[in-house]
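Step one of this worksheet: look at the structure below.
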Amino acid sequence: MLDIKWMRENREALAEAMRKLNATDAPWEKALELDERRRELLAKVEALRAERNKGSKEIGRLFREGKKEEANALKARMTEIGQELEALEAELRQVEEEFYDAMMRIPNIPEPDVPVAPDESGNVVVKEWGQLPRFDFQPKPHWDLGEELDIIDLERGVKLSGSRFYILKGAGARLQRALINWFLDVHINEHGYTEVYPPFLVRSHCMWGTGNLPKFGDVLYRDAEEDYWLIPTAEVPVTNMYREEILEPGSLPIYHVAATPCFRREKVSAGKDVRGIKRVHQFEKVEMVKFVEPHTGRDELESLIRNAEELLERLELPYRRVAIATGDLSFVAAIKFDLEVWAAGCEEWLEVSSCSLFRDFQARRANIRYRPEEGAKPEYVYTLNGSGLALPRIIIAILENFQQPDGSVVVPPVLRPYMGGVAVIR
RNA sequence: GGAGGGAUGGCCGAGUGGACGAAGGCGGUUGUCUUGAAAACAACUGUGGCGCAAGCCACCGGGGGUUCGAAUCCCUCUCCCUCCGCCA
């Protein structure tokens, strides 16, 4: 959510930002109109309430003094004010509801250095690392490798749960577990993160807090009877950990990391990305979430990205860092960089991390504040997050990049201690 | 799932429909005293909204209602506790 005061005072900048985002449906003009109407009504309502409060006190005093007649006369007048108030309050409630709803549908303002373009065609590769693997044989896609090695069972996954579900088996399941443990250990031991194990089902207010609702409810799974939503990423529960809180001076920055399953409806056109395990309804992801002081936001973003890149480098997986253009920015992000890893079998760059700075956009929605120093006024924190990293796409990259002519796959050296010393999956 | 009891400021805890934004205590900050500290004493000590300001308004778990007026009465939701049942 944006700061309505800022919106009032920077109408031009706001309009410009919405143009850059190509956010033609963002109801920012409506929000400003409603805000004006809201304040008008609020002034009237509060004046009436003040009058009524005064009158009610007076009635109490008159009764105590036994001036019953005067009290009753005043009571009659207060009844009138009450009726007037009731009408105005109803109108105010209505306007506030519409105002709030509009505010929740206005996307974040992009940082000044985000590439301006109407869609993803404007995304810019800002960094490339590593050599793409070369083979003197025809490299296979992971769905073939996985089946031949008997470590990915697509057919039975579909039998259980339908399209876009899969089963990892044997060394495949263990490889995933090794990756998760190694990711977590690096972030905990070397990058200063504290591990958390959050709920995978959350109340809708959490989804509003991180900005998944109201606009993206159609990609979420939810309980049919109760207000429980399956998390599409650990960002949701972990960011909302501190909702409605004022963090004590000295508690920032907070770094959390969590490994959780992620559930997404992925309502993409049937037939797109159906083969293999690239786009699925359930996957594991290690997510880093930061709560920081505003002036450190950009530095914290860079170090967050590095925390993810380092994993790819140590896995020896070639990747590129992509600056996301304004038109492709997610609703809540002020700036976002994706990390894409090369998969030699399907010859594709796979998104395995998405690192974003939200400034105070999520903090306003979830009401997460901190006190800069003892006795100071609370301020909104800045939140950031990024995958470090997403599975099973890393498995795809490992299988496809480290495959050998005989169909076996070399395990990246850093993972071997987590694989019981296994160096080759065959 | 069944039965009952709760939710009040940073914490503990009082609160009869009218002087309650809320007693009292603890904690915290500042001041007086002191060479310094402690003690004692005093003042201050929540969040947000509107407004240039004075100030006004809202908030006693959330929402709704009754009333001239609600922390207090009614309805409803959420959460917590105790006991029973079930369970990894």
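The figures that follow rest on heavy atoms only: side chains count, while hydrogens, waters and symmetry mates do not. Residue numbers begin at 1 in each chain, while the letters A, B, ... track the order of the sequences.
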| message | Filter on ring-ring contact (aromatic ring centres under 6.0 Å, His included), then keep only pairs touching residues 369-389 of chain A, sequence neighbours left out; what's left? | response |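 Residue pairs passing ring-ring contact (aromatic ring centres under 6.0 Å, His included), neighbours aside: none found.
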| For A/R11, which residues count as a salt bridge (Lys or Arg N to Asp or Glu O under 4.0 Å) partner, sequence neighbours excluded? |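 With neighbours one apart ignored, the set is empty.
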With a 4.0 Å cut-off on heavy atoms, is [X] in touch with a base, just the backbone sugar-phosphate, or nothing at all?
| X | result |
| --- | --- |
| A/K54 | nothing |
| A/L42 | sugar-phosphate |
| A/A43 | nothing |
| A/R203 | sugar-phosphate |
| A/R52 | sugar-phosphate |
| A/R364 | nothing |
| A/N72 | nothing |
| A/K44 | nothing |

| Tell me, which of residues 237-251 of chain A have any heavy atom that sits under 4.0 Å from an atom in RNA chain B? | none
| In residues 92-102 of chain A, what residues come within less than 4.0 Å of RNA chain B, judged by heavy atoms? |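 Those residues whose heavy atoms fall under 4.0 Å from RNA chain B, taken from residues 92-102 of chain A in numerical order, are A/R93.
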Which pairs count as side-chain hydrogen bond (donor to acceptor under 3.5 Å, both in side chains) when at least one residue sits in [range], sequence neighbours excluded?
| range | result |
| --- | --- |
| residues 387-402 of chain A | A/H142-A/E400 |
| residues 72-90 of chain A | A/R49-A/E89 |
| residues 323-335 of chain A | A/N123-A/D328 |

Base-pairing mate for [N] - Watson-Crick or G-U, with both contacts under 3.5 Å:
| N | value |
| --- | --- |
| B/C87 | none |
| B/A19 | none |
| B/A43 | B/U29 |
| B/A38 | none |
| B/U82 | B/A3 |
| B/C56 | B/G49 |

| request: On RNA chain B, reading 5' to 3', which nucleotide is the first and which the last to sit with an atom under 4.0 Å from a heavy atom of chain A, could you check? | output: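 Reading along RNA chain B, I get B/G18 to B/C79.
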| query | Would you call A/D218-A/R265 a salt bridge at under 4.0 Å N-O? | reply |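 Salt bridge flag = no for A/R265 with A/D218.
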| message | Under 4.0 Å between a side-chain nitrogen and a carboxylate oxygen: does that hold for A/K54 and A/E51? | response |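 Looking at A/E51 together with A/K54, the answer is no, because their closest N to O distance does not fall below 4.0 Å.
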| task | Could you check A/F165 against A/H281 for ring-ring contact (aromatic ring centres under 6.0 Å, His included), going step by step and ending with a plain yes or no? | result | CA-CA 6 Å; A/F165 284 92; A/H281 291 312; 5.3 Å; yes
Please state the [atom1] separation for the pair [N] and [M] - nearest whole angstrom.
| N | M | atom1 | result |
| --- | --- | --- | --- |
| B/A14 | B/U8 | C1' | 9 Å |
| B/G6 | B/A40 | C1' | 39 Å |
| B/U16 | B/U72 | C1' | 9 Å |
| B/U76 | B/G28 | C1' | 39 Å |
| B/C60 | B/A19 | P | 16 Å |

| Taking only residues two or more places apart in sequence or in another chain, which ones pass side-chain hydrogen bond (donor to acceptor under 3.5 Å, both in side chains) with A/W208? |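 By the side-chain hydrogen bond (donor to acceptor under 3.5 Å, both in side chains) rule, A/W208 matches no residue at all.
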| field | A/F291: partners by ring pair (Phe, Tyr, Trp, His ring centres under 6.0 Å), with sequence neighbours left out | value | A/Y242
Can you give me every donor-acceptor pair (side chain of residues 23-31 of chain A, partner residue at least two apart or in another chain, under 3.5 Å) with its distance?
none

Please tabulate, for side-chain N and O atoms in residues 230-238 of chain A, each donor-acceptor pair with protein atoms closer than 3.5 Å (sequence neighbours left out).
{"residue": "A/T233", "atom": "OG1", "partner": "A/E235", "partner atom": "N", "Å": "3.0"}
{"residue": "A/T233", "atom": "OG1", "partner": "A/K285", "partner atom": "NZ", "Å": "2.8"}
{"residue": "A/E235", "atom": "OE1", "partner": "A/N385", "partner atom": "ND2", "Å": "3.4"}
{"residue": "A/E235", "atom": "OE2", "partner": "A/Q362", "partner atom": "NE2", "Å": "2.8"}
{"residue": "A/E235", "atom": "OE2", "partner": "A/N385", "partner atom": "ND2", "Å": "3.2"}

